[in-house]
Amino acid sequence: MKMMILVFVLILSAVAVLFIGLSFFIVDQTQYAVVLRFGEIRKVISEPGLYVKTPFVDNVIRFSKRFYIYDIPVEKIITLDKKTMLVDSYAIWRISDPKKFIESVRTVSLALSRIDDVVYSGLRNTLAKLDFDDIVTGERQYLSDITEFSKRNLADFGVDIQDVRIKHTDLPAENQQAVFERMKSERQSIAALIRAEGQKEAQKIRSEADKKATILKAEALSEAERIKGTGEASATRIYAQAYGQDQEFYRFLRTLESYKFIIPDSVILIGEDLTILNQMK
Amino acid sequence: MKAKLIAFVIVIVLLVVYVATGVYQVDPSQVALVKTFGKYTHTVGPGIHIHAPFPFQSHVIVDVQTVRKQEIGFRTVRPGQYVQKKEEALILTGDGNIVSVEAVVQFKVNDPVKFVFRVENPEELVKFTTESALREMIARRTVDEILTAERDRVSYEVHQITQQLLDAYDVGITVINVLLQEVVPPQTVIAAFDDVNNAKQDKERYINEALRYANNLIPSVEGEVRKIILEAEAYAQQRILQAQGETQRFLSILKEYKGSPRITETRLRIETLEEVLPKAKRIILLDGSQNITLLSLDKLIGGGGK
């Protein structure tokens with residue numbers, strides 16, 4: 001009998017614990033909770049803490065309050081100047097209104113596809129009005145336009161877009177190849193230019209050296225002529241002074257001297273009278 | 001009675017085990033955020049702590065000291081070994097070229113409450129934010145600027161912008177550093193870029209060779225010049241000395257001649273003829289009948305010539 005009572009008490013308390021357990025629920029710091037009763041929204045809770053519900057009847061759905069980062073798939077965009085660009089963007093978003101969220105999209109994955117649609121159209125509309133270079137290099141004003149656009153269009157879903165940013169702007173593979181080719185040829189021409197400059201400068205240095213050498217030599221030759229000239233002048237003066245003392249004798253002596261060069265190996269005609277030798281002048 | 005005791009012990013043990021689930025340890029680099037019924041109440045530092053067991057309290061541990069990092073353009077497979085992430089690394093530059101950039105962003109949690117409660121995936125947020133800032137800064141510059149002088153500025157600016165954005169998201173993160181690792185031209189064009197460097201070397205080489213030529217040429221020409229001048233001087237000197245010598249001889253002879261002119265004149269004539277006539281090829285003597293007699297000089301003068 002005593003045993004029976006104990007078992008009964010145990011069962012009762014177990015049921016009570018279970019019932020209490022099902023009547024309370026905890027909402028975490030990072031969560032929203034929506035209490036549904038047969039699909040009807042009874043309560044939206046955005047503050048963390050301990051809450052009560054009716055067991056078996058109420059159903060609690062939780063959503064994260066935190067920022068999500070959605071890495072939007074790479075999109076192909078045609079720019080104003082008809083170039084193709086691959087844009088890799090991401091959106092930072094959070095659920096701002098759990099009631100609207102559950103009414104309109106219900107799950108995060110469905111929300112992502114909405115975000116995808118909206119951000120993509122925002123990107124395409126905005127970027128299609130810009131030239132390729134402006135998108136790549138320009139100030140990112142257009143990003144806040146896209147963020148604003150997305151914010152406006154997603155507010156109805158209880159989704160708040162914090163920021164839309166571009167992670168990468170890329171060229172399609174075939175254009176990328178073309179850029180590589182251009183980069184290559186650009187570098188090649190730079191290299192050729194540098195080499196040509198080097199050769200030009202080297203040539204200049206050589207020519208200047210040659211010029212200097214030529215001038216130096218010419219100066220030296222002219223100087224040499226001058227020196228020789230003074231030497232010859234002195235010599236001439238010395239000769240003139242000496243020979244001037246007796247011109248007749250000089251002529252005589254010089255004539256005799258010249259025989260030494262004229263006579264050898266020549267044919268000489270001499271008259272019968274050997275004294276003619278005296279007349280050879 | 002015995003059964004009662006056993007039941008009592010079991011209940012006590014279960015109770016102790018249950019309470020023990022509230023015991024937790026916080027390491028020196030960490031803090032723990034304690035939640036009561038899901039709501040954040042307070043933060044505790046390193047040490048061993050206890051809070052009310054489930055479902056009353058819970059905690060989240062955050063490392064606030066360790067410097068965290070995210071890699072852009074590459075991944076560390078294991079320490080010292082990396083793989084490139086080409087699609088992440090290749091970035092368009094302002095002048096329509098493409099560079100390959102690898103970077104690391106280092107960051108730290110400055111507010112654990114925001115870090116844990118405000119964002120789903122803070123690491124990814126940092127990575128994406130840095131990537132987009134990097135892309136933006138690279139796009140403002142030309143490929144040459146990025147590869148050379150502007151490197152440091154890029155990393156500085158990326159750091160600034162990333163921090164600004166993270167502050168705007170209010171997620172409790174401090175960016176410590178953005179480090180650009182390898183910043184190079186894409187693999188397929190790297191050879192062409194290297195060739196530009198080679199060209200610079202070549203240019204230096206051409207110029208140095210020319211300078212060497214010039215430096216060799218000028219001294220050798222100067223030597224030559226010196227030689228020309230010296231030769232000229234030697235020639236001049238020679239001419240003067242020759243003149244002096246010759247005139248000296250003349251004057252000596254003249255002196256003697258003045259003493260006895262006739263005999264000296266005759267002697268000079270004869271001596272000269274004696275000396276030169278033997279060297280003549282033929283001497284033709286004409287007699288009164290105008291016959292031409294050929295004779296050798298030996299007969300004529302009786303000298304020792306041939």
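Just so you know, these numbers come straight off a predicted model, no measurement behind them. Proteins come first, then strands; the chains are lettered A, B, ... in the order of their sequence lines, and each starts at number 1.
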Heavy atoms, side chains only, cut-off 4.5 Å: are B:Tyr213 and A:Ile205 in contact? no
So B:Arg135 and A:Asp170, do their side chains get closer than 4.5 Å, heavy atoms only? yes
Could you look at [X] and say if it's the side chain, the backbone, both or neither that has a heavy atom under 4.5 Å from chain A?
| X | answer |
| --- | --- |
| B:Lys258 | side chain |
| B:Leu254 | both |
| B:Tyr257 | side chain |
| B:Asp195 | both |
| B:Leu90 | both |
| B:Arg249 | side chain |
| B:Val119 | both |
| B:Leu33 | neither |
| B:Phe193 | both |
| B:Ile240 | both |
| B:Thr272 | side chain |
| B:Lys35 | side chain |
| B:Glu124 | both |
| B:Glu87 | backbone |

Between [options], who has the most heavy-atom pairs with chain A when the cutoff is under 4.5 Å?
| options | result |
| --- | --- |
| B:Phe128, B:Tyr169, B:Tyr235 | B:Phe128 |
| B:Lys203, B:Glu120, B:Glu231 | B:Glu120 |
| B:Glu131, B:Arg239, B:Arg118 | B:Arg118 |

Look at B:Glu123 together with B:Lys127 and state whether they make a salt bridge at an N to O cut-off of under 4.0 Å. no
If you round to the nearest 0.5 Å, how far is CD1 of B:Ile161 from CG of B:Leu134? 10.0 Å
Can a donor-acceptor pair be found, under 3.5 Å and without considering hydrogens, that links the side chain of [X] to the backbone of [Y]?
| X | Y | answer |
| --- | --- | --- |
| A:Thr30 | B:Phe117 | no |
| A:Tyr142 | A:Leu130 | no |
| B:Asp95 | B:Val143 | yes |
| A:Tyr90 | A:Lys167 | no |
| B:Asn97 | B:Thr93 | no |

I'd like to know which of A:Arg94, A:Glu208, A:Gln188, A:Gln176 tops the heavy-atom pair count under 4.5 Å against chain B. A:Gln176
Taking atom types as modelled, find out whether A:Thr79 and A:Asp81 have a side-chain donor-acceptor pair closer than 3.5 angstrom. yes
Between A:Leu171 and A:Phe132, does a side-chain contact (heavy atoms from CB on, under 4.5 Å) hold up when you go through it step by step? CA-CA 10 Å; A:Leu171 294 165; A:Phe132 186 93; 3.2 Å; yes
